[in-house]
Amino acid sequence: MKRVVSVSLGSSRRDHRVEVELLGERFEISRRGTDGNFDRALELLKELDGKVDAIGLGGIDVYLYAGKTRYVVRDGKKLMDAVQKTPVVDGSGLKNTLERETVYYLREHTDLLPPGTRVLMVSAVDRFGMAEAFAELGCDLTFGDLIFAAGIPYPIRTVKELEELAARLLPEMSKLPFHMLYPTGKKQETQDEEKVKKFGHYYREAQVIAGDYHLVRRYMPRLDGQTIITNTTTADDVAFLKEKGAGCLVTTTPEFQGRSFGTNVMEAVLVALLQKPWEQITPRDYLDLLQRLDFKPRVVYLR
Amino acid sequence: MASHAEITASLLAFQEGYNKNERLKIMNRDWDRVVLVQASDIPSQHTLELQNGELSVREGAPPRADLTVIADSETLADLFYGDITPTEPYMNGTLKIIGSEDDIVRLDFISLMIWGE
């Protein structure tokens, strides 16, 4: 049995463990949240190093992309460097392939994403592949990176402007403590009421809201049937989205026993299956494997 | 060590950089804040005030500040001239910013929008 563990800076209330069979291999996949405790995450990573087949880093990004430039998040890299023997991934490799494919899939197989769809991405530098795919398919885009991470009411409308701002800001901002830029630990269980009130109109003006679930959740106002495209959701999350008035939920990662895991977990699973050093894995490797696994986005109508 | 006059000049350069950036003014239209800039090694205080997206600078402390920026005079002058970014000195404790976390991120952001590459 292969063991894949996701160590997350997120809430331990979302911890989960499943056993699945993938391409004839048995997998035990688990998630262990550290409630925003960075040192606890470091300890846990060191403890697991060499004892499991692959590790995913959750609740934090290590690499952010804008165009061809990769930015390294200092706190995320510290966690990654704590692991010396076991392959460790943050999900960014898979996001660039799986999430891009999800957008193409929705255009081709559903009526959720016709040309001109108004899409709000709460944050795009953590899923640039998805952002590019939306742009490619002619969606009317709002990138909320400045709005939600920095509280600046400035919607970025094009991939080009996103790249330009990222080049200016990310080399330095990626050195800040991660909790200053992204909700970690208990913050993931609450909403930022002030920002919901101030910026909720961006959600209501959109037809599709996409991005990291914790960000999507934290600033979500009352909705009117919008589609949510995200990754990690639990049964409680689905109930939350229903209660808020979302019309449809699309998760980019497959469901295992009622739960869609984070991209970091899925990338760790793929790395364990590929048995190749991470730096030698190409997007093509992931795409081929995703096809063999027949992974498709999960579409759940909530109304 | 920088002098009070050098810090004033650096803040005026910062103000000029800010005011030339129309996009930055739009971005900060909602952010009315009073910032006290204080040197830790010489008697030097300045006030930065953002109102309706416009930035003004004056010598002396404000009656009430939303944010307080404290560093040695050299660091302050380097920072506002754009010779260094705020992130490193903030992270190593050379630069102290007292205020809400959101406001600290915003101030970092403004500085990078003016001087960042």
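Note on naming: letters A, B, ... go to the chains in the order of the sequence lines (proteins, then strands), and numbering restarts at 1 for each one.
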Notebook entry, point to check: Who pairs with F109(B) by ring pair (Phe, Tyr, Trp, His ring centres under 6.0 Å), at least two apart in sequence or on another chain?
Noted result: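 Testing F109(B) for ring pair (Phe, Tyr, Trp, His ring centres under 6.0 Å), a comparison that skips the adjacent residues, returns none.
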Notebook entry, point to check: Among M180(A), K175(A), K198(A), which has the most heavy-atom pairs under 4.5 Å with chain B?
Noted result: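 Looking at each of M180(A), K175(A), K198(A) in turn, M180(A) comes out on top.
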Notebook entry, point to check: Which atoms form the tightest heavy-atom contact between L112(B) and R168(A), and what is the distance?
Noted result: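 Between these two residues, the closest heavy atoms are O-CG, 3.5 Å.
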Checklist line | Greater than 12 external heavy atoms within 6.0 Å of R13(A)'s CZ | finding: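 Not buried by this count: 12 neighbours or fewer within 6.0 Å.
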Check: Using non-hydrogen atoms only, which part of E194(A) is less than 4.5 Å away from chain B: side chain, backbone, both, or neither?
Finding: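 Looking at E194(A), nothing touches chain B.
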What residues of [range] sit under 4.5 Å from chain A when you count only heavy atoms?
{"range": "residues 30-48 of chain B", "answer": "D30(B)"}
{"range": "residues 61-88 of chain B", "answer": "T85(B), T87(B), E88(B)"}
{"range": "residues 91-108 of chain B", "answer": "M91(B), E101(B), D102(B), I104(B), V105(B), R106(B), D108(B)"}

Notebook entry, point to check: Nearest 0.5 Å, what's the CD1-CE distance between I152(A) and M113(B)?
Noted result: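 Reported to 0.5 Å precision, the distance equals 8.0 Å.
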